[in-house]
Amino acid sequence: MSETSFTPRVFSGIQPSGNLHLGNYLGALKRFVDWQAKDMETIYCMVDLHAITVWQDPADLKKSTRELCAGFIAAGIDPEKSILINQSQVPEHAQLAWIFNCVARMGWMQRMTQWKDKAGKNAQNASLGLFAYPALMAADILVYHATHVPVGEDQKQHLELTRDIAIKFNHDYGVNFFPETEPVIEGAATRVMSLRDGTKKMSKSDPSDASRINLIDDADTIAKKIRKAKTDPEALPSEVEGLEARPEARNLVNIYAALADMTVEQVLAEAGGRQFSEFKPMLADLAVAKMSPITTEMARLMENQDEIDKILARGALRAREITAPILRKAYDIVGMVAPVEI
Ligand code: AMP
Ligand code: TRP
């Protein structure tokens, strides 16, 4: 049996590996909230199985997972509207991932830039899980037949691979079972850069804490990091072209635009001609105004760990209503004998 049309459904995930930052917020969380407001089913996931592809201290992983859940809710995800889950509580993700390990080719995985970056020169010593990471990601998405996946720019290649896996599965088994997912990479901040180096992505793993604004930073810390952000000595241009060879200036303008829900053109129409000594305090005020309520709410939610754990448990129950039948069907297509009632 094959399916020909797929109900629109949104899925995305974030790794609970600590240091949730402004890039995660603007490139992902804030966008997830926008999708929740549309008339579509939305599923958001803490991908703890992905996190352990590199070493995680077990106690820290639990804390980061709950903190991420608090971050989702504080940023505006409503666990009644969206399905909020922890990946390991919905076993169908890992089960479908195994099938995809057998569909995906070694060569496809070897081409992934995230694999090359993370494994570095010491690939022989990287975990097998790190290599197979994109097959699990494809399973996260396709076990819901999700059609739309909002992510930051850095995940584009993984989403193309997800599509390749869906196409190869459908082709090999002669079905139209998995949808060809749309990556949704939109907005002014799909790639927020480091505050210390405008050519490097803002990242959880950057050893310099000054390179990123963490979601748990207080107002003073946010303002201080923006004041100290690397810039150049020129004033802001009034046209977008004037930002081309100025990565740090472009980054700060992009951040401003994304936080204020403005276009880069609108920001430059207002701030063009100003020096950074003037623009940075504007940006710091805006960042504090937008981020502080989230930080405060996250801290409040973290005090009630039981409630977070219940939200995740309820999310998993709702999620499995979708994933269990899809996995069962995938097993059947592949030729697994299903257990009968005894
Ligand atoms: P990760 O922290 O790697 O699990 O990423 C979670 C989400 O945040 C993904 O959608 C990423 O694309 C997005 N993201 C991570 N870093 C950045 C960044 N510097 N700028 C924009 N989006 C980002
Ligand atoms: N790989 C993503 C990241 O590091 C996280 C992720 C895992 C994800 N599974 C996903 C994102 C499914 C979107 C959809 O950012």
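Both counts, for ligands and for their atoms, begin at 1 and track the order of listing. FYI, the numbering just counts along the sequence from 1.
- Sorted by chain and number, the residues within 4.0 Å of ligand 1 by heavy atom are I14, Q15, H21, G23, N24, G27, A28, V151, G152, D154, Q155, A189, T190, R191, V192, K201, M202, K204.
- The closest donor-acceptor contact from the side chain of T147 to the backbone of T181 lies at 3.5 Å or more, if one exists at all.
- Every atom of ligand 2 with a heavy atom of V149 under 4.0 Å away is listed here by number and element: 13 (C), 14 (C).
- Protein heavy atom nearest atom 5 (C) of ligand 2, with residue, atom name and distance: G13 O, 3.6 Å.
- Contacts between D154 and ligand 2 below 4.0 angstrom, taking non-hydrogen atoms only, are absent altogether.
- At least one N or O atom of Q155 sits closer than 3.5 Å to an N or O atom of ligand 2.
- Hydrophobic clustering, with ILVMFWY side chains joined whenever heavy atoms are under 4.5 angstrom apart, keeps W98 apart from L161.
- Among all non-hydrogen protein atoms, the one lying nearest atom 4 (O) of ligand 2 is Y133 OH, 2.9 Å.
- Using modelled atom types, one side-chain atom of S127 and one backbone atom of T53 make a donor-acceptor pair closer than 3.5 Å.
- Protein heavy atom at the shortest distance from atom 12 (C) of ligand 2 is F11 CE2, 3.5 Å.
- Residues F177 and Y173 keep their aromatic ring centres 6.0 Å or farther apart.
- Contact check for I14 versus Y44: no side-chain heavy atoms found under the 4.5 Å cut-off.
- The contact set between ligand 2 and H50, taken as ligand atoms under 4.0 Å from a residue heavy atom, comprises 7 (C), 9 (N).
- The closest protein non-hydrogen atom to atom 9 (N) of ligand 2 is D140 OD2, 2.7 Å.
- Checked by atom type and distance alone, the side chain of T295 pairs as donor or acceptor with a backbone atom of M291 at under 3.5 Å.
- Here the two rings, on H93 and Y144, have centers that are under 6.0 Å apart.
- Checked against the 6.0 Å centroid criterion, the rings of H158 and Y133 qualify as a close aromatic pair.
- Distances between N or O atoms of S12 and those of ligand 2 include no value under 3.5 Å.
- Summarising the hydrophobic clusters (Ile, Leu, Val, Met, Phe, Trp, Tyr; side-chain heavy atoms under 4.5 Å, direct or chained), the residues clustered with I52 are L61.
- Linking ILVMFWY side-chain heavy atoms closer than 4.5 Å, directly or via other members, places V90 and F32 in two distinct hydrophobic clusters.
- Connectivity analysis of hydrophobic side chains (ILVMFWY, heavy atoms under 4.5 Å, direct or indirect) links V340 to I342.
- A single hydrophobic cluster is not seen to contain both I43 and L49; linkage of ILVMFWY side chains at heavy-atom distances under 4.5 Å, directly or through other members, places them apart.
- In terms of polar-atom proximity, defined here as any N/O pair under 3.5 Å, H158 makes no such contact with ligand 2.
- With a 4.0 Å heavy-atom cut-off, ligand 2 is reached by the side chain of I141 but not by its N, CA, C or O.
- Using a 4.0 Å cut-off between heavy atoms, L159 makes no contact with ligand 2 at all.
- Residue V47 has at least one heavy-atom neighbour below 4.0 Å for each of these atoms of ligand 2: 7 (C), 9 (N).
- Using a 4.0 Å cut-off to heavy atoms of V151, the atoms of ligand 2 that qualify are 11 (C), 13 (C).
- The hydrophobic cluster analysis finds V47 isolated: no Ile, Leu, Val, Met, Phe, Trp or Tyr side chain comes under 4.5 Å of it, directly or through other members.
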